[in-house]
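Data block below; observations after.
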2 protein chains.
Amino acid sequence: MSVTREKIIELGEHHIRTKGYNAFSYQDISTELGIKNAAVHYYFPTKENLGTSIVKTNIQRFEEMIDNMHSRGFDEWKQLDTFIKIYIKSHREQKLCIVGSLGPDFNTLSETTKAELIKMTEVILTWLTSILTQGKEKQIFVFSEDPQIKATIILSSLVASLQLSRIIDKIDYKSICHAIIKDLKP
Amino acid sequence: MSVTREKIIELGEHHIRTKGYNAFSYQDISTELGIKNAAVHYYFPTKENLGTSIVKTNIQRFEEMIDNMHSRGFDEWKQLDTFIKIYIKSHREQKLCIVGSLGPDFNTLSETTKAELIKMTEVILTWLTSILTQGKEKQIFVFSEDPQIKATIILSSLVASLQLSRIIDKIDYKSICHAIIKDLKP
DNA sequence: GTCTATATTCCGATAGAC
DNA sequence: GTCTATCGGAATATAGAC
């Protein structure tokens, strides 16, 4: 796997999460790599190829994180905490998450990119629902809603709070995360 | 005020909330109006003029709604319910809200459009914080978080659930809203 | 295998016709 | 006051050089 290819994916993801899918161009990426924009087309013939690869990479990264947490025997609290830390890091880097960046552009994406974004969102929601369900059974989480609904609300809170923080500078993102966590405590 | 101008704003808002700010063109709007794209420039010289006007219109609409609710003597429950109904309508029409559409594109907007989007978000959050505060004092709302934090979480839940619903078709948006409401009940 | 020169299309925007 | 013909540039993408 070429290093240029990996850098393109990295830069593409950066631009999606800061400017949005429809606001960045191959030119942006090629300039930063010191090559011509057409060179990027060698690695990713079309922009939808690139978009799809970026989402696929993110799915892989997320699944590796889950596997890692499972093999380390993380309990539900530790897992949720690790997940939320990803969002705190995003906020620190002034980036949105992939789902929150591409979601609003969904109708402009190709069918293959849409399919990957659907998969990514499903993977996250399924995992979040499962740790909420298990945590509730063990009585280490307390909530009255259906786990699937609660998972959607928690993810939504994390996703859109990043977006709102970008608009309103003074929003304290860590306090938001702290409140989400506290809400689940017995 | 010209009817063409109003239609342009209406179509522009539609496109922002379905495709995103950077994915629609003056061509899209002009074609639907049966005129040339340059005619749109007569009403809005630049795209940032149009974007700014669209957000301004939305602020005005929101403020009129608040005034209307106040003059009708709506209590906090009725006000929150009216607000959430806007989001349920958005979901039914398969549109995002303005804040959730333009938020991810924030870094690509002009300074004037940014300023209006900041104002719009502040107006919503300020209002939501105030009814939460008042409702808590009257003991008709129950929550332990700081009202400002709670307002941000509620708005985030509404905003991003629209985005997630677009990706995952089977999400039951009304159940999300119902859960948000139930969570505040004594 | 890697990249450049180039084509094509579409974008936002200006100047000027009616 | 309203709209059209047209421009300059940037976008994605192809064909072909090294």
Side-chain angles (χ1 to χ4, degrees), chain A residues 1-55 101-102 104-114 116, chain B residues 1-56 101-102 104-114 116-117:
Chain A
M1 171 93 89
S2 144
V3 61
T4 306
R5 191 190 145 92
E6 282 179 0
K7 279 184 182 167
I8 291 170
I9 288 189
E10 193 181 315
L11 284 170
E13 180 181 328
H14 172 79
H15 282 128
I16 288 175
R17 295 172 60 194
T18 50
K19 307 195 324 187
Y21 181 78
N22 291 305
F24 87 93
S25 69
Y26 272 35
Q27 195 84 44
D28 292 329
I29 292 177
S30 65
T31 304
E32 288 161 304
L33 289 176
I35 53 181
K36 298 292 168 185
N37 81 78
V40 180
H41 283 276
Y42 164 66
Y43 297 96
F44 301 96
T46 66
K47 199 178 179 182
E48 36 171 297
N49 292 142
L50 176 55
T52 304
S53 292
I54 290 169
V55 182
S101 309
L102 293 178
D105 294 334
F106 191 76
N107 294 335
T108 73
L109 303 176
S110 73
E111 290 308 312
T112 49
T113 309
K114 273 183 190 167
E116 289 304 319
Chain B
M1 172 90 93
S2 143
V3 61
T4 306
R5 191 190 145 92
E6 284 179 359
K7 278 183 182 167
I8 291 170
I9 289 189
E10 195 181 315
L11 285 170
E13 180 182 328
H14 172 80
H15 282 127
I16 288 174
R17 295 172 61 195
T18 49
K19 307 197 319 190
Y21 181 78
N22 292 306
F24 87 92
S25 69
Y26 271 35
Q27 194 86 44
D28 291 331
I29 291 177
S30 64
T31 304
E32 289 162 304
L33 289 176
I35 53 181
K36 299 290 168 186
N37 81 79
V40 180
H41 283 277
Y42 163 66
Y43 297 95
F44 302 95
T46 67
K47 200 179 178 183
E48 37 171 297
N49 291 142
L50 176 55
T52 304
S53 292
I54 290 170
V55 181
K56 273 195 167 134
S101 310
L102 293 179
D105 295 333
F106 192 75
N107 293 335
T108 73
L109 302 176
S110 73
E111 291 308 311
T112 49
T113 309
K114 274 183 190 166
E116 289 304 318
L117 184 57

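What you are looking at is a predicted structure, and each value in this text was computed from that prediction instead of being measured. Side-chain atoms are counted along with the backbone in the values below, which use heavy atoms only and exclude waters and symmetry mates. Sequence lines set the chain letters: A, B, ... in the order given, protein chains first and strands last, and positions in each chain run from 1.
Separating the NZ atom of B:Lys36 from the P atom of D:dG1 is a distance of 24 Å, rounded to the nearest angstrom. In this structure, B:Asn22 atom CG and D:dA10 atom C1' are separated by 14 Å, rounded to whole Å. Protein atom CD of A:Gln27 is 6 Å distant from nucleotide atom P of D:dA11, rounded to whole Å. Rounding to whole angstrom units, NE2 of residue A:His41 and P of C:dA7 are separated by 16 Å. Distance, A:His15 NE2 to D:dA11 P: 11 Å, rounded to whole Å. Rounded to whole angstrom, the span from the CD1 atom of B:Ile8 across to the P atom of D:dT2 amounts to 11 Å. Atom pair A:Phe24:CZ and D:dA10:P shows a separation of 18 Å (rounding to whole Å applied). When rounded to the nearest whole Å, the span between OH of A:Tyr26 and C1' of C:dA7 equals 17 Å.
Using a 4.5 Å heavy-atom threshold, the side chains of A:Lys19 and B:Asn22 count as separate. A 4.5 Å side-chain heavy-atom check between B:Lys7 and B:Val3 finds at least one atom pair inside the cut-off.
Checked by atom type, the side-chain pair A:Asn49/A:Thr46 shows a donor-acceptor distance below 3.5 Å.
To the nearest 0.5 Å, the span separating NE2 on A:His15 from OG on A:Ser101 amounts to 12.5 Å. Between atom CG of residue A:Asp105 and atom CG of residue B:Asp105 there is a gap of 6.0 Å, rounded to the nearest 0.5 Å. Interatomic distance, CZ of A:Arg5 versus CD of A:Glu10, reported as 13.5 Å (0.5 Å rounding).
Defining each end axis of the helix from C:dG1-D:dC18 to C:dC18-D:dG1 as the rotation carrying four pairs' C1' atoms onto the next four, with five pairs an end, the two axes are found to diverge by 0° to 10 degrees.
For B:Ser25, whose side chain is taken as the heavy atoms from C-beta onward, the closest listed nucleotide among C:dT6, C:dG12, D:dT14 is C:dG12. For B:Ala39, the listed nucleotide lying nearest its side chain is D:dT4; candidates were D:dA13, D:dT4, C:dA13.
Against DNA chain D, the stretch residues 42-50 of chain A makes heavy-atom approaches under 4.0 Å through A:Thr46, A:Lys47.
Paired with B:Lys114 under the rule side-chain contact (heavy atoms from CB on, under 4.5 Å), one option of B:Val55, B:Leu109, B:Leu102 passes, and it is B:Leu109.
In terms of polar N and O atoms assigned as donor or acceptor, the side chain of A:Asn37 comes within less than 3.5 Å of the base of D:dA13 in a complementary pairing.
The side-chain tip of B:Lys47 points at the ring of B:Tyr21 from less than 6.0 angstrom away and within 45° of straight on.
Note on ring orientation: taking the six-membered ring where Trp is involved, the planes of B:His41 and B:Tyr26 are tilted (angle from 30° to 60°).
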